[in-house]
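It should be emphasised that the depicted structure is a prediction, and the values quoted were computed from it without experimental measurement.
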Amino acid sequence: ALHRGAAFGDLDGDGGIDVVLTRLNEGPVVLRNAMPRGNWVRFRVPLGTVVRVGDQWNSATQAVGYASSSDPVVHFGLGAATEARDVEIRTPGGKVEKAESLPAGSVHSRRL
């Protein structure tokens, strides 16, 4: 098929990142991530915010696929860990929030 775009996000709320592909002259294709997975944590923060969990970094963006827009929620895999440790959230405006630990398997909303 002639694919044009890809958008990423957890469509079914199970902790796995799913993919939606767009195709020319055809309907979209939804690829549901059904792989076994460990624990995870997510952050719903303003666009451009950078989040660090331990030594992992990620940022809130929607621009990850051609001609598409993905879920801006920042996702971290934690493996067997039951909490996210040493968390730092830094907004584009310079505000910083820190947490020693946050529970796995949940979405943490921040409006810094």
Side-chain angles (χ1 to χ4, degrees):
L2 297 174
H3 294 91
R4 278 292 182 221
F8 302 87
D10 184 1
L11 299 175
D12 50 10
D14 68 351
I17 301 299
D18 307 302
V19 182
V20 178
L21 301 172
T22 60
R23 302 179 294 174
L24 291 178
N25 303 316
E26 296 184 54
V29 174
V30 176
L31 303 174
R32 185 178 165 274
N33 184 347
M35 296 295 295
R37 65 190 56 67
N39 291 323
W40 52 270
V41 66
R42 292 199 180 110
F43 298 87
R44 187 171 304 282
V45 293
L47 289 176
T49 299
V50 175
V51 181
R52 179 181 57 80
V53 173
D55 61 356
Q56 299 181 69
W57 292 84
N58 202 344
S59 61
T61 182
Q62 292 177 299
V64 294
Y66 172 76
S68 31
S69 180
S70 293
D71 186 356
V73 173
V74 180
H75 176 95
F76 290 91
L78 299 176
T82 58
E83 61 186 5
R85 305 221 15 113
D86 190 21
V87 176
E88 180 179 286
I89 302 168
R90 185 176 300 267
T91 68
K95 293 182 181 177
V96 177
E97 183 177 337
K98 295 182 179 186
E100 288 187 29
S101 69
L102 296 171
S106 57
V107 179
H108 301 276
S109 295
R110 299 291 191 264
R111 299 186 194 280
L112 300 176

> Taking a hydrophobic cluster as the set of Ile, Leu, Val, Met, Phe, Trp and Tyr residues connected by side-chain heavy atoms closer than 4.5 Å, whether directly or through intermediates, do V73 and L11 fall within one such cluster?
Replying inline: no
>> For a 4.5 angstrom cut-off between non-hydrogen side-chain atoms, does H75 reach I17?
In response: yes
> Between V41 and E83, is a side chain to side chain contact (heavy atoms under 4.5 Å, CB included) present by the stated rule, with each step listed?
Replying inline: CA-CA 8 Å; V41 66; E83 61 186 5; over 6 Å; no
> Hey, what do you get for CZ (F43) to OG (S106), rounding to the nearest 0.5 Å?
Replying inline: 8.0 Å
> After noting the C-alpha distance and the side-chain angles of D71 and D10, does the key distance pass the side chain to side chain contact (heavy atoms under 4.5 Å, CB included) rule?
Replying inline: CA-CA 8 Å; D71 186 356; D10 184 1; 5.6 Å; no
> Any idea which heavy atoms bring A6 and L21 closest together, and the distance?
Replying inline: CB-CD2, 3.7 Å
>> Let me confirm one number: the CG-CZ distance from L24 to R4, rounded to the nearest 0.5 Å.
In response: 4.5 Å
> Where do V20 and P28 come nearest, in terms of heavy atoms and distance?
Replying inline: CG1-CB, 4.1 Å
>> Less than 4.0 angstrom from a charged side-chain N to a carboxylate O is my criterion; do E97 and K95 meet it?
In response: no
> Between L47 and P92, what is the shortest heavy-atom contact and its length?
Replying inline: O-CG, 3.7 Å
>> Tell me whether F8 shares a hydrophobic cluster with V30, the cluster being built from Ile, Leu, Val, Met, Phe, Trp, Tyr side chains joined at under 4.5 Å.
In response: no
> Does the pair V74 and T49 meet the rule for a side chain to side chain contact (heavy atoms under 4.5 Å, CB included), with working shown?
Replying inline: CA-CA 9 Å; V74 180; T49 299; over 6 Å; no
> Do side-chain atoms of R23 reach the backbone of G27 as a donor and acceptor pair under 3.5 angstrom?
Replying inline: yes
> So, do L2 and N25 sit near enough that their side-chain heavy atoms are less than 4.5 Å apart?
Replying inline: no
> Would a distance-only check, ignoring hydrogens and angles, find a side-chain to backbone donor-acceptor pair under 3.5 Å from N39 to G105?
Replying inline: no
> Where the side chain of R85 meets the backbone of A81, is there a donor-acceptor pair that is under 3.5 Å apart?
Replying inline: no
> Taking the six-membered ring of W40 as reference, does the NZ or CZ atom of R42 fall below 6.0 Å from its centre and within a 45° cone about the axis?
Replying inline: yes
>> So which atom in P72 and which in Q62 form the shortest heavy-atom distance, rounded to 0.1 Å?
In response: CB-CG, 3.7 Å
> Which atom pair, heavy atoms only, marks the closest approach of R90 to V96?
Replying inline: NH1-CG2, 3.3 Å
>> Could you check whether any side-chain heavy atom of E100 comes within less than 4.5 Å of a side-chain heavy atom of V87, counting everything from C-beta outward?
In response: no
> Looking only at heavy atoms, which two atoms of E88 and W57 are closest? And how far apart?
Replying inline: OE2-CH2, 4.2 Å
>> Do I89 and V107 land in one hydrophobic cluster if side-chain heavy atoms of ILVMFWY residues count as linked below 4.5 Å?
In response: no
> Passes salt bridge (Lys or Arg N to Asp or Glu O under 4.0 Å), D14 versus R32? Steps please.
Replying inline: CA-CA 10 Å; D14 68 351; R32 185 178 165 274; 3.4 Å; yes
